[in-house]
Structures are given as structure tokens and as C-alpha cells.
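Each remark here refers to the structure printed beneath this line.
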Amino acid sequence: MWLSLISAVTGAVIATASGAFLDHRRWRRDQVRHLTDTRRVLYGEYLASLSAARNHFRSLARDRDAAPKDRAASARTSFAPCYEGRYQIAITASTKVVAASEETFKRLRDVRDATGAGARPEDDSYAEGRREYESSLARLRKEMRDELGSDHAS
């Protein structure tokens, strides 16, 4: 009698522990999937805001008629949406993505400053700023892809 009771209790404990273990693994997998999905959306939005600002700076650099005061204000205004994404990246992304994001943000800010100050596409300050931005953007995209596992087979 005691032996069957002990066996039943042991079986119940094993079943409960196994169920809890499997539930925890499933919960953890769902958490990782949710974080990856959140990051994927955030990264896409952030890259889009950087691109929109960069395209505006390109147009602004080509605009020969913009007054200096208007040019600077326009450059600042078009760059403003990048701050929100920057802060979201800082609290959501891995250390490598945050570092690459900060570098890209700073390089684009340099392009903003040059454009706002009147730089033209043919000016060295603009061309060099653009090259540095493009290089840092390529590194940022690589870090984002690595973090999201975009280059790994499913």
C-alpha cells in the first residue's frame, strides 16, 4: 500500500516538474521571439527615419535658394525624428547595435550640421560626412542583421 502511494506521489511530482519545465521553456522561447519581433520593427523604423533625414539633407544641399536661417532650421527639423529611435534603440538593442547606432547617429548629425551650415554636394565637408555616415550605416545594418539572425537559416 505504501509503495503504491509513494509511486503515485513520485509520478505526480515528476509529471508536474516536467510540465513546469516545458512551460518555462515555451514561455522563454515566446519571450525571445517577442523581443526579436519588437527589435525588427524598431530597427526598420529607425533606419527609415535615418534615411528620411539623409534624403532631406541631400535635397537641402542641392537647394541653392534656401536662406541660411531656413536651411539650418530645416536640417534640424528633419533630423528631430531620429532622436526617438535613438533612445528606443538604447534601451532595446544589444550593446553592439547600440554602439553602431550611436556612431551612425553622430555621423548623420555631422551631415545635418554641414548641410545646415550651407554645405553643397561638391564640398569636401559634405562629401566626407556622407561617406562616414554611409560607412557607419553599413556597420549598423550588419549589427542589426546579426542580432536578428537574418543571415542564419531557420
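Source: prediction; values computed, not measured.
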Hey, could you give me the OG/NE2 distance between Ser59 and His56, rounded to the nearest 0.5 Å? 7.5 Å
Test: ring pair (Phe, Tyr, Trp, His ring centres under 6.0 Å). Region: residues 57-76. Which pairs qualify, not counting sequence neighbours? none
Taking all non-hydrogen atoms of both residues into account, name the closest pair between Val98 and Ile89 and its distance. CG2-O, 3.5 Å
Pairs satisfying ring pair (Phe, Tyr, Trp, His ring centres under 6.0 Å), at least one member in residues 62-84, at least two apart: Phe79-Tyr83, Phe79-Phe105, Tyr83-Phe105
Measure the CG-OG distance between Leu60 and Ser78 for me, rounded to the nearest 0.5 Å. 7.0 Å
Could you pull out all residues at least two apart from Arg109 that satisfy salt bridge (charged side-chain N to carboxylate O under 4.0 Å, His left out)? none
Starting from Leu108, can I reach Tyr87 by hopping between I/L/V/M/F/W/Y residues whose side chains sit under 4.5 Å apart? yes
Main-chain N/O of Leu47 paired with Ser51 side-chain donor or acceptor, under 3.5 Å: no
When rounded to the nearest 0.5 angstrom, what is the spacing between CG in Asp113 and NZ in Lys106? 13.5 Å
Which pair of heavy atoms, one from Ala119 and one from Asp123, lies closest together, and at what distance? CA-OD2, 3.3 Å
Applying side-chain hydrogen bond (donor to acceptor under 3.5 Å, both in side chains), name anything that partners Tyr43, two or more places apart in sequence or on another chain. Glu147
Listed once per pair and sorted, the ring pair (Phe, Tyr, Trp, His ring centres under 6.0 Å) pairs that draw on residues 110-141, sequence neighbours left out: none
Do the side chains of Arg86 and Glu103 get close enough for a salt bridge, i.e. N-O under 4.0 angstrom? no
Closest non-hydrogen atom pair between Thr104 and Ser136, with its separation: OG1-O, 3.0 Å
So does Arg33 pair up with Asp37, basic N to acidic O under 4.0 Å? no
For residues 125-141, the salt bridge (charged side-chain N to carboxylate O under 4.0 Å, His left out) pairs (sequence neighbours left out) are Arg54-Glu134, Arg107-Glu132, Glu128-Arg131
Taking all atoms of both residues into account, what is the closest heavy-atom pair of Ser101 and Leu140, and its distance? N-CD1, 3.6 Å
Would you name the heavy atoms of Asp63 and Arg120 that are closest together and state the gap between them? O-NH1, 2.9 Å
Backbone N or O of Arg71 within a donor-acceptor pair of the Ser74 side chain at under 3.5 Å? no
Closest non-hydrogen atom pair between Ala127 and Pro121, with its separation: CB-O, 4.4 Å
CZ (Arg40) and OG (Ser150) are apart, to the nearest 0.5 Å, by 6.0 Å
